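The next block holds one structure in the form of structure tokens; read it before the comments.
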Amino acid sequence: QVQLVESGGGSVQAGESLRLSCVASEYGYGISITYCMGWFRQAPGKEREGVAGIVFGSTYYADSVKGRFTISQDNAKNTLYLQMNNLKPEDTALYYCAADLPCSGEGWARAEAVEYWGQGTQVTVSS
């Protein structure tokens, strides 16, 4: 059983930055992030959407965040990151770390196919 614990959310003004972290473990032990992993978000009244994914070292982004968000991973720390710059009010959502995504450039953002989810961390951006 993979466990994902997110941190780093908060309330910021438009134009500011946040970095989300997600520590992965399995059966209580740290694991190397070998699963295809990513970040999703869900705003009130909207469906959960893929924000960024790492698939065998290649990174993918939703069009709405390209150029502003960067996904990265540190295998030594079993941690996935999402650096979010130039935040906008429309980025306000509950952000989820996800593991065991569909491992393809076309399918990574399919929320219904994700195997493991974190508990979510709230990001609120005010104008």
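Remember, it's a predicted structure, so these values are computed and weren't measured experimentally.
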Side-chain touch R19/M84, heavy atoms, less than 4.5 angstrom: no
Parallel, tilted or perpendicular: rings of Y96 and W117 (30°, 60°): perpendicular
Whether over 12 other heavy atoms sit under 6.0 Å from E112 CD: yes
Over all atoms of both residues, closest heavy-atom pair of F56 and C103: CE1-CB, 3.6 Å
Interatomic distance, I71 atom CD1 to S58 atom OG [nearest 0.5 angstrom]: 11.5 Å
Check: L94 and F40 side chains under 4.5 Å, non-hydrogen atoms: no
ILVMFWY cluster, V123 and L82 together (side-chain gap under 4.5 Å): yes
Validation row: D100, V2 side chains within 4.5 angstrom (heavy atoms): no
same_hphob_cluster(Y95, I54) at 4.5 Å side-chain heavy-atom cutoff: yes
Considering all heavy atoms, the nearest C22-L4 contact: SG-CB, 3.8 Å
Separation of C36 SG from E115 CD (nearest 0.5 Å): 12.5 Å
Test item: side-chain donor near acceptor, T79 and D74, under 3.5 Å: no
pair W108-P102: side-chain heavy atoms closer than 4.5 Å: no
Same cluster (ILVMFWY, side-chain, under 4.5 Å), V23 and L80: no
Heavy-atom side-chain proximity of S126 to E16 below 4.5 angstrom: no
Taking every non-hydrogen atom, the tightest pair across A14 and S127: CB-CA, 4.3 Å
Minimal non-hydrogen separation, N85 against S17, with atom names: OD1-OG, 2.9 Å
Between OH on residue Y60 and NZ on residue K66, distance to nearest 0.5 Å: 11.0 Å
Side-chain heavy atoms of Y61 within contact of T70, under 4.5 Å: yes
Straight-line distance of R48 CZ to R110 CZ, nearest 0.5 Å: 15.0 Å
NZ/NE/NH1/NH2 to OD/OE distance under 4.0 Å, K88 and D91: no
Non-hydrogen side-chain atoms of T121 and L20 separated by less than 4.5 Å: yes
Validation row: V12, T124 side chains within 4.5 angstrom (heavy atoms): no
Minimum heavy-atom distance C97-E6, with the two atoms named: N-OE2, 2.7 Å
Q42/E47 under side-chain contact (heavy atoms from CB on, under 4.5 Å): CA gap, chis, key distance, verdict: CA-CA 6 Å; Q42 188 166 19; E47 294 186 352; 5.5 Å; no
